[in-house]
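Have a look at this one before I ask anything.
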Amino acid sequence: MERKLIILKLSIALFITSFAVPAANAQYKKEGINWTKDGNGYYQNSYMGIDVVTLPKSETKTLISSALLTPSGQNQPLQIKDFALSADGTKALIYTNSKKVWRYETRGDYWLADLTTNKLVQIGKDKPASSLMFAKLSPDASKVAYVSGHNIYVEDLKTGTSKALTTDGTARLINGTFDWVYEEEFDCRDGFKWSPDGASIAYWQIDAKKIKNFLMINNTDSIYPYTVPVEYPIVGEDPSSCKIGIVNVSTAQTTWLKVPGDAIQNYIPRMDWVPNTNDVILQQLNREQNTSRVFVANTQSGSVNNIYTETDKAWIDAAPEWQWINNGKEFIWPSEKDGWRHLYRISKDGKKQTLITKGNYDVIESSLVDEKNNTVYFLASPANATQKYLYKTKLDGKGQLDQVTPSVFPGTHEYDISPNGIFAKHTYQSANIAPISEWMKLDSGNPFTMEGSLTNQMARIRQPKNKVEFFKIKTEDGVELDGMMKKPDNFDQTKKYPVLFYVYGEPGAQTVLDTYGVGNNFLYEGNMFQDGYIYISIENRGTPAPKGREFRKSIYKNIGVLNIHDQAMAAKKIIEWPFVDKNRVAVWGWSGGGSSTLNLMFQYPEIYKTGIAIAAVGNQLTYDNVYQERYMGSPLKTKEAYIKGSPITNAKNLQGNLLYIHGTGDDNVHYQNAEMLINELIKYNKVFQMMSYPNRTHDISEGDGTRQHLSKTYTKFLQTYCPPGGK
């Protein structure tokens with residue numbers, strides 16, 4: 001997954017996100033507002049400790065004092081990474097001292113603050129520092145369960161005693177959490193869940209013992225180099241075995257669910273308890289990820305019932321977490337089976353399926369199910385795939401599409417809605433307006449305070465003179481694509497300017513978004529618009545734009561071909577614009593965008609004269625199996641699509657100026673890709689420039705001066721081979 005998300009995190013500030021969070025589960029909110037249980041307020045950290053803010057008057061009081069958060073014998077309170085309150089509000093589980101496992105800070109220390117006795121105690125204090133993962137209070141708050149060393153433990157809060165619920169965990173037999181590829185590609189981290197009655201815990205067990213190590217070499221941290229092993233299942237290699245266990249908290253005995261199908265050749269990316277029952281629901285994807293099955297399991301016997309099956313000619317994504325309605329008798333489920341991403345309500349037995357959202361548009365994200373008022377809120381953008389708005393419709397499927405967001409604010413809108421559906425924090429941004437927020441009543445849309453309303457904030461904003469422009473371009477194939485452009489400052493339409501294309505192009509991310517910063521190039525040293533560059537990005541088919549299933553999935557078995565063709569055909573039209581200098585055309589991208597950059601340079605050298613490719617997959621057969629097999633089909637049947645779409649296949653066609661950049665410590669897109677590409681370029685006597693960063697990972701940010709050096713290298717190369725300024 002980082003192969004996709006790196007573009008969001010580093011490239012052009014498409015989103016403001018933080019990956020340094022505890023794993024997502026029912027008690028810890030991954031992003032956004034930490035709402036109170038009743039939805040009438042929210043929690044926030046302050047110098048006083050943890051506060052509760054009551055809406056709509058924003059009255060603030062201290063819930064947990066800094067004194068209570070200060071361990072005995074220490075002078076400073078805990079640095080809170082996150083916290084969760086018990087259902088009755090008398091206990092708080094504090095997460096602190098967090099460290100990374102793979103991409104995320106999912107291990108750390110946990111402390112329990114008892115608000116009735118005013119005591120603070122450390123959970124799992126006999127375990128190594130920063131080794132606890134995903135600690136969660138039991139429903140009655142009498143116990144805490146957590147993972148340490150790939151085993152699940154439970155600690156009795158009254159006696160302070162703990163016991164292991166699993167004991168077979170090793171470096172490669174993983175209980176309660178996941179291996180590298182499940183986290184990377186399925187967004188799986190927290191791997192266990194308390195039952196509603198607190199008597200048992202459902203958990204994943206991943207057996208990665210047969211996953212081969214990819215050996216990276218560290219040449220700089222000691223005189224004698226040493227290898228750094230990373231468990232990494234590449235294309236064509238078997239995945240880890242996966243199964244679901246139900247462990248009895250009292251006896252520590254596990255019952256394994258009898259999920260049909262080979263445990264290695266199928267994935268289980270989602271699992272949860274059915275509310276108010278002893279049943280578990282799970283999603284299973286076959287290895288090719290084009291068949292999705294939903295099973296409901298009896299946790300006493302382990303027997304399962306297949307209640308829902310869906311197939312696709314391309315792929316099916318792992319679902320979001322379940323949203324339950326009708327007292328746990330139905331759940332909300334997304335599907336693209338009618339050609340658009342829509343929401344369905346499905347009965348627990350699968351016999352009743354009702355389409356909720358109807359029409360030729362995609363649901364981008366479900367925001368809130370307001371069952372009391374028969375309403376579901378969701379983000380969508382039927383008319384403009386670069387934007388995002390809040391809509392609502394009837395939960396029973398009998399309603400019309402109703403836009404909640406005022407149309408006077410064109411751009412991208414996010415809503416963090418309270419659980420009771422009364423309040424929301426509404427954030428607005430566009431390509432030319434930095435994010436601004438207001439607190440509002442959801443039913444009326446009215447802000448709490450006029451001085452904080454979007455209208456009043458907009459009145460004080462001075463928009464830039466040089467604005468990002470959006471356009472549509474129809475290629476000679478008749479395909480209409482969205483584009484973004486920012487022209488040089490003091491643009492003179494009688495002159496010809498160099499153009500720099502920014503590309504990603506794969507199913508992991510959009511680049512043409514009406515969000516703030518989309519027109520900026522974070523790597524360029526200085527101001528590229530003062531220097532006289534045109535900056536453009538094109539949204540090819542195959543990216544996750546809300547333009548229907550066909551737009552997104554037409555790239556199936558065509559990465560490195562279809563997306564490259566779309567980009568080049570759009571560029572072919574653009575370089576005919578009178579103010580574009582067709583002799584100064586450059587392209588750059590990172591990760592999947594680096595791969596696209598190489599393919600554009602190699603497949604269409606007559607268009608692209610200069611390219612900068614960073615951390616690119618040069619050979620698709622080297623990447624991880626979950627991602628690449630999802631979008632390119634099984635290589636066990638044929639490798640033809642993989643070979644055809646890999647940059648190394650066409651490296652012999654390089655004509656222009658190429659700079660290739662890669663970190664030798666990249667555990668995601670391995671440096672192996674760089675060396676394979678170098679070999680091909682040498683073989684065909686192709687001269688290029690190369691910059692490797694010792695031991696840097698996929699985002700090439702570690703170490704003093706790294707990002708500054710990268711920026712300077714990037715800028716100097718671009719200015720040398722694609723000189724700036726109008727002529």
*Could you check whether the rings of F214 and H670 sit parallel, tilted or perpendicular, using 30° and 60° as the cut-offs?*
parallel
*Walk me through it: do Y42 and F423 pass the test ring pair (Phe, Tyr, Trp, His ring centres under 6.0 Å)?*
CA-CA 11 Å; Y42 62 93; F423 306 107; 9.9 Å; no
*Is the distance between the ring centroids of Y203 and W256 less than 6.0 Å?*
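For Y203 and W256, the ring centres are under 6.0 Å apart.
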_N/O donor-acceptor pair under 3.5 Å between Q79 side chain and N97 backbone_ =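 A pair under 3.5 Å: no.
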_Donor-acceptor pair, distance only, cut-off 3.5 Å: does the side chain of H698 make one with the backbone of D666?_
no
_Over-ring placement of K337 relative to Y344, 6.0 Å and 45° cut-offs_ =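 K337 over Y344 ring: yes.
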*Distance-only side-chain donor-acceptor flag, Y110 / E155, under 3.5 Å*: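 No pair is found: no donor N or O on one side chain lies under 3.5 Å from an acceptor on the other.
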_Donor-acceptor pair between D317 and Q289 side chains, under 3.5 angstrom_ = no
*Mind checking whether Y182 and F178 have parallel, tilted or perpendicular rings, split at 30° and 60°?*
parallel
*L395 backbone acceptor or donor facing R345 side chain under 3.5 Å*: yes
_Stacked cation flag K313 on Y556, 6.0 angstrom / 45 deg_ = no
*List for me each residue that meets salt bridge (Lys or Arg N to Asp or Glu O under 4.0 Å) alongside D279, sequence neighbours excluded, and say none if there are none.*
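With sequence neighbours excluded, D279 shows a salt bridge (Lys or Arg N to Asp or Glu O under 4.0 Å) to K348, given in chain and number order.
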*asked:* I'd like to check L257 versus I246 (side-chain heavy atoms, cut-off strictly below 4.5 Å). Are they in contact?
replied: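 Touching, per the 4.5 Å side-chain cut-off.
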*Do F186 and Y267 have their ring centres less than 6.0 Å from each other?*
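Ring centres of Y267 and F186 closer than 6.0 Å.
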_For a quick check under 3.5 Å, do N290 and N286 share a side-chain donor-acceptor pair by atom type?_
yes
*So with a 6.0 Å cut-off around CD of Q76, is the heavy-atom count from everything else above 12?*
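Count not over threshold, so no.
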*Would you check if the side chain of S195 reaches a backbone N or O of S200 as a donor-acceptor pair within less than 3.5 Å?*
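Here the side-chain-to-backbone pair exists.
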*If we ignore angles and hydrogens, is there a donor and acceptor under 3.5 Å between the side chains of N40 and N420?*
yes
*Any sub-3.5 Å donor-acceptor pair from R270's side-chain atoms to A319's backbone N or O?*
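Checking the backbone N and O of A319 against the side chain of R270, a donor-acceptor pair under 3.5 Å is found.
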_Tell me whether E310 contacts the main-chain N or O of S335 through its side chain, where contact means a donor paired with an acceptor under 3.5 Å._
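No; zero donor-acceptor contacts below 3.5 Å.
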_Between Q283 and S292, do the side chains contain a donor N or O and an acceptor N or O under 3.5 Å apart?_
yes
*Judged by atom type as modelled, is there a donor-acceptor pair below 3.5 Å linking the side chain of T62 to the main-chain atoms of S65?*
no
